[in-house]
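Note that ligands are numbered from 1 as they come in the structure, with each ligand's atoms numbered from 1 the same way. In what follows, every heavy atom counts, from backbone to side chain, and hydrogens, waters and symmetry copies are set aside.
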Amino acid sequence: MSRFVQPVPPPIDPYAADGLLRSWLERHLGPAGHAAAKGRLADLAADVAGPLRAAHADAEAHPPTLVRYDPWGARVDRIDTSAGWQEQRAAAARHAVVALPYLPDARGTWGAAARVVQHALLHLYGPESATFSCPVAMADGAAALLSMPEVDNGVRDAWLPRLISTDPAVAITSGQWMTESQGGSDLGRSSTIGRPAVDGSWRLTGEKWFCSAADAAMAVALARPEGSGRGSRVLAPFLVPRYADDSPLAHGLAPGAPAPGVTVHRLKDKLGTRALPTAEIGLHDAYAVPLGDPAVPGLVRAMTLVVVTRVHNAAAAAGGMRRGLAYARAYADVRHVAGGALSSSPLHRATLGTLAVDAAGAFALAGHAFALLGRVEVGADPEAAAELRIVAPLAKLATGRLAVSSASEYVESFGGAGYVEDTGVPRLLRDAQVLPIWEGTTNVLSLDVLRALTREDAGSPLLARLAAAADLARPLSPVLADTLAGAAAQLGDTITSVTADPSSPTVLAGARGLALRLAYALTTALLVEHAAWGDEQAALAARLWARRWLRHEEIAEDAHHHLDLLF
Ligand SMILES: Cc1cc2nc3c(=O)[nH]c(=O)nc-3n(C[C@H](O)[C@H](O)[C@H](O)COP(=O)(O)OP(=O)(O)OC[C@H]3O[C@@H](n4cnc5c(N)ncnc54)[C@H](O)[C@@H]3O)c2cc1C
């Protein structure tokens, strides 16, 4: 008897095969703008479906290692990474995954919507980048921070061009050293101290507990300027060169040696993101330059970076969901059960269709956050800024959770093969689990949403969007319009009552529930807006999303019938 070997589906073209991505770009960029982006997107998609798949697998199979000493006993703290990781690094630069929104040409062509194009690049690049999407996010956050007028011109000129270079030989990424062992979410407990030096630079001393992209050339570190007092507001962002090459204190040290005062204690042994070096780093009088005036409370400046990394996190979640769905769907076409293709099973189709609804919602949320970010950066649009204040945490927290639940289903949809490491499927789940943790857990972001609602009236732009979308939905589906209008009314009432007593235990205990309800209603509105523009897939996704997440109804029957349209 011959041994059965399961055929593996061929790789898909993630740009050509993603109808929602393409129509989203058509709407946000216009036909000419989308046409101008097509070459870039097709090139990246070809790399993702081709050489970057192998690079991804290589980086996953060969995690980074820390070499503490050279053969002669000198401390080197070198992080060795795989060829695949280096290939991902080069591809990120070449395809302008970080650089795009900063390139004058791109700003000229797409204006604020350069961020929409960047989101599309991330959507294609992220899922099989071996989580190089993480250094990409932090490099973008650092570039946004360095672009602020408060930052010294000399510092900006020295570092920003490297962060946004499209030349792999020049491009660098950045880490961000915020979390300390005693306080990740609770930044107020940070104990890293910054002291001014005579030459205008600073020296940082402290311990950083989670430092991803620990191989990057620089990091943005939070430190408490000496004498500035307690709490989190006074924490200031500093740029720390990671290597001797960029540290003026490194007299006679070899290129590639760690900058004096920067010690890599160890690499974390993590559940996922295994190709990504995440280190514990000690700072002892490490050279640093301030990003903005350290005498001015700096957490607000650091939030520029954090908003960028949060929206990247949402993009990573949505991109991963779409890729997992594409693989699960392709597998269902080649896997046979009960006498037919798995993809013809009504039950399996319903499972995939439901996942497709979630993937569409996550994509719209992430896409909207990037569109707002672009409008804030180009033209300083105050309405976009007010909305982004609440959309960034909402998009991050809702997509992070969806990414984990979806990844679990994608793994299950491969049956036993989904649990076998070298199929590449298990990492979908392992890597998804970081998304609700770093850059703010669900609870921490929910409290941030509560603060935005109660202190900054951030509910107003959101409720206005929901009301407008309810009107747009009426010609598409009166039930959908009523659902959205009803959700908006209920949320309006809740916001009024939480604003009256924001620190009551009842309000605090309900913060996560409120944030998720806001995110689900916002997602419905975003899908409705896209549907009203003329996208049939979004119209169906909006109806099913609203039934699933606002009315808590079973959507299996529709998901099964309409899988092809949802896909
Ligand atoms: C793979 C990975 C990479 C990372 N990379 C980086 C990096 O590059 N740079 C960096 O600075 N950090 C990084 N982190 C750290 C990450 O940002 C923190 O772990 C995260 O912010 C949570 O902080 P914590 O670990 O101190 O957890 P804690 O804050 O102790 O949280 C523990 C639990 O308490 C809950 N909680 C906390 N505060 C509250 C509250 N006020 N109310 C209700 N519940 C609360 C949280 O939701 C969580 O469930 C990384 C983490 C991971 C897993």
When only distance counts, is [X] in polar contact with ligand 1, meaning an N/O pair under 3.5 Å?
X: T273; result: no
X: S185; result: yes
X: K270; result: no
X: Q176; result: yes
X: E180; result: no
X: M178; result: yes
X: V444; result: no

Which label fits W202 and F238: parallel for a plane angle under 30°, tilted from 30 to 60°, or perpendicular past 60°?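 Rings of W202 and F238: tilted, as their planes differ by 30° to 60°.
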Nearest-contact summary for [atom] - protein heavy atom, Å:
atom: atom 42 (N) of ligand 1; result: L447 CD1, 3.4 Å
atom: atom 5 (N) of ligand 1; result: S212 OG, 2.8 Å
atom: atom 26 (O) of ligand 1; result: G184 N, 2.9 Å
atom: atom 20 (C) of ligand 1; result: I437 O, 3.7 Å
atom: atom 7 (C) of ligand 1; result: F210 O, 3.0 Å
atom: atom 2 (C) of ligand 1; result: V434 CG2, 3.7 Å
atom: atom 47 (O) of ligand 1; result: T441 OG1, 2.6 Å
atom: atom 11 (O) of ligand 1; result: T179 N, 2.8 Å

Do you see a donor-acceptor pair shorter than 3.5 Å between the side chains of [X] and [Y]?
X: E207; Y: S181; result: no
X: W549; Y: D358; result: yes
X: S129; Y: Q88; result: no
X: Y287; Y: D246; result: no
X: K270; Y: T278; result: yes
X: D215; Y: W85; result: yes

Look at atom CZ of R195 and say whether more than 12 heavy atoms of other residues, nucleotides or ligands are closer to it than 6.0 Å.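 Buried by this count: over 12 neighbours within 6.0 Å.
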Crowding at CD, Q182 (>12 non-hydrogen neighbours, <6.0 Å):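 Enclosed: over 12 neighbouring heavy atoms sit under 6.0 Å from CD of Q182.
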Quiz question for you: does at least one protein heavy atom lie closer than 4.0 Å to [atom]?
atom: atom 23 (O) of ligand 1; result: yes
atom: atom 16 (C) of ligand 1; result: yes
atom: atom 9 (N) of ligand 1; result: yes
atom: atom 49 (O) of ligand 1; result: no
atom: atom 13 (C) of ligand 1; result: yes

Is there side-chain contact between [X] and [Y], with at least one heavy-atom pair below 4.5 Å?
X: W177; Y: L283; value: yes
X: R430; Y: E421; value: yes
X: R89; Y: I172; value: no

With heavy atoms only and a cut-off of under 4.0 Å, state how E439 meets ligand 1: side chain, backbone, both or neither.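 Just the backbone.
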Under a 4.0 Å threshold between the charged nitrogen and the carboxylate oxygen, would K268 count as salt-bridged to E280?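 Yes, charged N to carboxylate O under 4.0 Å.
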Under 4.0 Å to a heavy atom of N443 - the qualifying atoms of ligand 1, by number: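 Near N443, the atoms of ligand 1 are 44 (N), 47 (O).
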